[in-house]
Amino acid sequence: MAFSGLQTVFATVAIVNCIKQFATGGNRMNESIFQACFRLFLYFGVWVVVVGFVYSQELVSGSRIGIAIHGGAGTILKENMSPEEEETYRAELREALLVGYEILKGGGSSLDAVEKAINILEDSPLFNAGKGAVFTNSGTNELDASIMDGKTLNAGAVAAVKHTKNPISLARLVMEKSPHVMLVGEGAAVFAEKLGMKPVPQEYFYTEKRWLQLQKIKAREKSVAPDKPVPRGSQSRTEKFGTVGVVALDQDGNLAAGTSTGGMTNKRFGRVGDSPIIGAGTYANNQTCAVSATGHGEYFIRGVIAYDVSALMQYGGLSLAEAADKVIREKLGAMGGSGGIIAIDREGNIAMPFNTAGMYRGYMDRNGKPVIRIYRD
Ligand code: ASP
């Protein structure tokens with residue numbers, strides 16, 4: 001039997017009156033206590049309904065968004081940085097984070113958030129990506145980048161590009177406008193021009209800080225062993241790190257990851273690191289997580305680090321935090337590699353383990369506030 005709205009109201013009033021009669025026994029004093037309790041009960045009920053409604057809307061629309069960012073890992077120590085310098089880094093990271101977050105909040109895709117946030121860091125001279133890229137042994141700048149869409153498992157990458165202002169945007173074009181995953185050097189430049197991307201001269205990438213870093217390493221090399229190639233890991237760790245990366249989760253539950261870098265100072269012979277290698281420096285899969293790495297690329301390539309985190313979740317049933325910790329603190333460390341990752345899963349959980357002294361990093365907390373960290377704190 002179906003009740004009309006009015007019948008329901010009458011029935012509810014009758015039931016409440018019965019309970020009232022039973023509870024108060026007609027006593028006036030008891031009646032006012034009953035009314036106060038009843039009002040409290042009513043307020044609590046309304047609160048439960050409102051909170052439940054908001055929460056269910058969140059779940060239905062999948063609107064739990066999230067974003068995390070890194071600006072490189074290495075021997076980043078508080079004693080080596082002035083408060084002003086530290087604040088400049090924090091401000092740049094915060095700006096990039098907010099650009100990405102606003103896109104996600106407005107219903108934009110995780111791919112857009114990743115690309116646009118990375119563009120900000122690529123345009124900054126502070127980070128080893130885009131404008132602030134490090135120098136190769138021959139005094140050039142060769143940039144690498146990759147991006148991955150967790151929904152489709154599509155990916156795009158470029159390596160050793162010399163005239164691209166924003167390599168992450170070119171990587172995205174490779175993913176979306178070519179049948180390939182990775183383009184390198186001259187071929188990537190031709191592809192970029194074909195799609196209307198204006199090339200920049202190599203001078204665009206000149207920054208005094210990076211140039212001096214190269215000179216310092218070269219001088220050290222000469223004094224140690226003038227004729228021999230540099231042994232692995234002999235560079236000062238501050239001189240070789242500074243890559244940028246972003247991972248994001250959008251309102252549709254799609255994950256994306258991107259990484260952009262100038263590689264390692266003094267690199268030779270067309271060396272390419274992990275950043276443009278899907279599975280090593282970048283990986284995203286809606287089933288598991290999105291990952292962007294930074295550190296000594298050779299180890300990240302051999303350890304297939306970014307994919308390993310995803311695989312531990314997919315096949316091993318580990319949580320994001322467990323998988324990320326295992327790969328960075330146990331596996332990478334045991335291999336002798338240094339660096340870190342940022343990662344986000346489809347629930348918006350974030351992990352940022354690293355085994356270096358510091359890692360420029362940040363994320364938006366559950367209240368939409370940016371959190372920026374640099375050191376081990
Ligand atoms: N992973 C980058 C590379 O090896 C460097 C870095 O993250 O700083 O090219």
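For the numbers below, each heavy atom of this structure counts, side chains included, while hydrogens, waters and symmetry mates do not. None of these values were measured; they are calculated from a predicted model. Numbering of ligands and ligand atoms starts at 1, following listing order.
Using bins of under 30°, 30° to 60° and over 60° for the plane-to-plane angle, the ring pair Trp211/Tyr206 lands in the tilted bin.
Distances shorter than 4.0 angstrom do not occur between any heavy atom of Gly281 and any atom of ligand 1. Residue contacts with ligand 1 include Arg271, since one or more of its heavy atoms lies under 4.0 Å from the ligand. Residue contact check for ligand 1: Gly295 places a non-hydrogen atom closer than 4.0 Å to it.
Open room surrounds NZ on Lys369; 12 or fewer heavy atoms of other groups in view lie less than 6.0 Å from it. In the displayed structure, Glu85 atom CD is contacted under 6.0 Å by more than 12 heavy atoms of other residues, nucleotides or ligands. By the 6.0 Å contact criterion, NZ on Lys105 is open, its count of non-hydrogen atoms from other residues, nucleotides or ligands being 12 or less.
Polar contact check, Asp144 against ligand 1: no nitrogen or oxygen pair lies under 3.5 Å apart. Residue-to-ligand polar distances keep Met264 apart from ligand 1: every N/O pair is separated by 3.5 Å or more. Taking distance alone, with nitrogen or oxygen atoms compared against 3.5 Å, Gly297 approaches ligand 1 more closely than that limit. Residue contacts with ligand 1: Asp274 is placed with a nitrogen or oxygen under 3.5 Å of a nitrogen or oxygen of the ligand (distance criterion only). Distances between N or O atoms of Thr243 and those of ligand 1 include at least one value under 3.5 Å.
Distances below 4.0 Å separate heavy atoms of Thr294 from the following atoms of ligand 1: 6 (C), 7 (O), 8 (O). Those atoms of ligand 1 with a heavy atom of Gly242 less than 4.0 angstrom away are 8 (O). Residue-ligand proximity, Ser275 to ligand 1, at heavy-atom distances under 4.0 Å covers atoms 1 (N), 2 (C).
Put simply, the side chain of Leu332 does not reach to within 4.5 Å of the side chain of Val327, judged on heavy atoms.
At least one donor-acceptor pair closer than 3.5 Å links the side chain of Lys331 to the backbone N or O of Gly303.
Stacking of Arg373 on the aromatic ring of Tyr363 is not recorded, the 6.0 Å distance cut-off and the 45° axial limit not both being met.
At a 4.0 Å heavy-atom cut-off, ligand 1 does not touch Ala293 at all.
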Step-by-step side chain to side chain donor-acceptor pair (under 3.5 Å) determination, Glu142 to Thr136: CA-CA 7 Å; Glu142 296 179 5; Thr136 66; 4.8 Å; no
